[in-house]
Amino acid sequence: MQAPSVGGVMLPRGNGQSVRLSRGASLTDFAEKINANPASLVAVMMNLGEMVTATQSVSDDTLKLLADEMNYVLEIVSPEEEDRELLESFDIEFGEDEGGEEALVSRPPVVTVMGHVDHGKTRLLDAIRKTNVVAGEAGGITQHIGAYQVSSEVNGEDRRITFIDTPGHEAFTAMRARGAKSTDIAILVVAANDGVMPQTIEALNHAKAAEVPIVVAVNKIDVEGADPTKVRGQLTEFGLVAEEYGGDTMFVDISAKQGLNIEALLEAVVLTADASLDLRANPEQDAQGIAIESHLDRGRGAVSTVLVQRGTLRIGDTMVVGDAYGRVRAMLDDNGNNVEEAGPSTPVLVLGLTNVPGAGDNFLVVDEDRTARQIAEKRAARERNANFARKGVRFSLENLDEALKAGLVQELNLIIKGDASGSVEALESSLLQLDVGDEVDIRVLHRGVGAVTESDIDLATGSDAIVIGFNVRAAGRAQQMAEREGVDVRYYSVIYQAIEEIEAALKGMLKPEYEEVELGTAEIREIFRSSKLGNIAGVLVRSGEVKRNTKARLLRDGKVIAENLNISGLRRFKDDVTEIREGFEGGINLGNFNDIKIDDVIATYEMREKPRG
Ligand code: GDP
């Protein structure tokens with residue numbers, strides 16, 4: 001049979017062979033696997049009525065459609081599977097306890113606190129920690145390492161519970177999105193004076209999706225107007241029925257502020273764990289688990305808090321965490337004490353890694369340094385490839401009109417973050433009032449005050465939304481994540497500009513121009529005053545690299561304090577340099593601008609012409 005052709009391009013055809021592709025692969029990846037020209041696959045898709053660029057990451061369905069059309073059998077490999085295969089090639093199994101039933105010993109539950117902003121998550125985590133320091137381990141300086149363990153007496157037995165202390169469900173979502181199950185039980189905090197709010201429901205849905213049992217903490221019962229009964233009623237609608245109403249969810253009325261009923265809450269956690277989970281692990285094997293929080297420390301290098309899930313982690317062990325590796329030089333517990341070993345469900349701060357792993361990365365102990373390095377390098381290489389492949393924009397204001405015309409979307413999903421609730425509301429209501437005809441709806445999926453977070457990008461990724469930052473920027477790794485996932489994040493400082501641009505996009509009139517490319521961020525650690533140059537920021541470069549003569553803005557608590565600054569001087573020790581890379585310290589001079597404070601972040605960027613289409 002002769003191969004069909006479109007516009008003179010010969011279309012590749014298979015004989016029913018199977019092709020393995022990573023989830024989120026592009027047509028270029030596909031073409032590489034079957035030795036075809038990427039352009040010919042673009043042509044096949046066009047033939048099928050879909051406009052897809054060669055490098056854009058496409059959905060499972062699209063890959064499947066393409067494979068069927070060309071007579072290949074497609075096998076899509078998830079990142080988790082890929083990683084499992086990588087480890088298998090080293091004869092390592094991750095995620096299963098070694099040995100049989102008899103090797104398993106019970107372990108403490110790991111708990112995440114979730115709920116609406118301001119309902120008291122942070123306060124509750126503090127209260128639990130204060131009232132329940134594990135006996136005999138007090139005395140050290142309390143350290144915030146991202147997780148801690150407390151003990152509680154339940155039915156005459158001393159029971160331990162591990163809390164993930166990165167409030168909000170951001171960490172939870174990020175970890176779940178990466179397939180790392182970190183949590184056994186979720187405490188859903190609901191303020192009794194405020195009731196169920198949007199993020200309460202969001203949190204609840206995350207917990208349900210992860211199949212994690214929920215204990216409800218009805219907080220702020222000390223406040224006038226608190227109505228714990230109403231909260232129970234409201235949550236019934238979402239499938240959480242209190243035990244006293246015949247359901248199987250434990251509700252505990254507490255006051256985090258007054259330390260009221262904290263013990264009862266801990267007991268509810270233990271009882272829920274006993275009733276619905278079988279929490280056991282083998283403490284005798286090489287340790288495995290996940291990274292919860294990591295950063296670059298000035299004196300100690302890369303430090304990472306890991307949660308041991310099985311096995312026992314010891315000083316001197318060789319470990320791989322995501323794409324970082326190293327030999328455990330020292331370990332600290334949540335009280336700042338040095339420890340020699342850590343068993344299942346124990347969080348410890350680990351020193352000795354080569355670089356900083358991400359939240360939710362898995363860790364494992366291996367026999368040889370060489371194995372650790374090889375696994376880490378393979379993972380890093382894979383990540384780079386994936387980034388490269390996914391560079392294509394999934395959905396942006398520029399291609400909105402095309403997508404609308406092709407009937408690919410009927411609505412524009414937005415996530416709005418801003419510096420104040422007034423501006424967010426103003427922007428939202430003006431956008432919703434835009435007259436855009438009948439074909440398209442504007443939906444605001446989420447709004448909030450504060451920086452654009454990883455959780456926002458997660459939401460945008462899952463729902464093809466565009467993120468708008470009004471006088472705020474991306475925090476932490478959110479920018480990198482957006483770039484990796486191809487999420488369009490737009491920043492504005494003038495409301496009408498945002499409105500104009502979105503209106504233009506909907507009418508198909510938005511012309512790509514210049515786009516801002518983030519180069520790096522640096523955190524101000526010290527301020528030096530020079531009579532000649534004014535204030536000089538002593539910084540640690542947190543991400544990317546900072547280059548001389550590029551543009552910059554100054555952020556304080558995630559808010560933009562000054563725009564349009566220039567990196568006019570850059571030094572390392574006594575030398576003028578042209579760039580400083582991630583992980584290194586140096587001095588930055590922002591020209592005439594002197595209003596800097598410790599902990600401010602200098603974010604540098606460059607304007608690049610945006611490719612059309
Ligand atoms: P988060 O955003 O959920 O972490 O909330 P926070 O823990 O920061 O608490 C928000 C505010 O509510 C803070 O001002 C707390 O002091 C206050 N708060 C938290 N728990 C209680 C409580 O039980 N009673 C009262 N009266 N205030 C509380």
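All values below were derived from every heavy atom in this structure, side-chain atoms included, with hydrogens, water molecules and symmetry-related copies excluded. Remember, it's 1-based here, ligands and their atoms both numbered in the order they're listed. Quantities reported herein were computed from a predicted structural model and do not represent experimental measurements. Position 1 is the first residue of the sequence; numbering continues from there.
Heavy-atom contacts of V117 reach the following atoms of ligand 1: 2 (O) (cutoff under 4.0 Å). Taking every heavy atom of H116 and a limit of under 4.0 angstrom, the matching atoms of ligand 1 come to 3 (O). Listed by number with element, the atoms of ligand 1 under 4.0 angstrom from any heavy atom of V223 are 25 (C), 26 (N).
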Quick one, F470 with Y492, criterion ring pair (Phe, Tyr, Trp, His ring centres under 6.0 Å). Give me CA distance, side-chain angles, the key distance, then yes/no. CA-CA 5 Å; F470 185 74; Y492 301 96; 8.0 Å; no
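For the pairing with T604, the side chain to side chain contact (heavy atoms under 4.5 Å, CB included) check across I588, L519, V517 returns one residue only, L519.
Ion pair D419/K559 not flagged as a salt bridge, since none of the NZ, NE, NH1 or NH2 atoms sits closer than 4.0 Å to an Asp/Glu carboxylate oxygen. Classification of D488 and R490 as a salt-bridged pair holds, one side-chain N sitting under 4.0 Å from a carboxylate O.
The residue among D118, D194, N219 with a heavy atom at the shortest distance from atom 1 (P) of ligand 1 is D118. The option with the heavy atom closest to atom 28 (C) of ligand 1, from among R123, M114, K220, K121, is K220. When the options G120, G259, S255 are ranked by their closest heavy atom to atom 5 (O) of ligand 1, first place goes to G120.
For D248, the CG atom is loosely surrounded, since the number of other residues' heavy atoms within 6.0 Å does not exceed 12.
Contacts of D222 with ligand 1, taken as heavy-atom pairs under 4.0 Å, involve the side chain alone.
With 3.5 Å as the limit, one finds no donor-acceptor pair spanning the side chains of E582 and S543.
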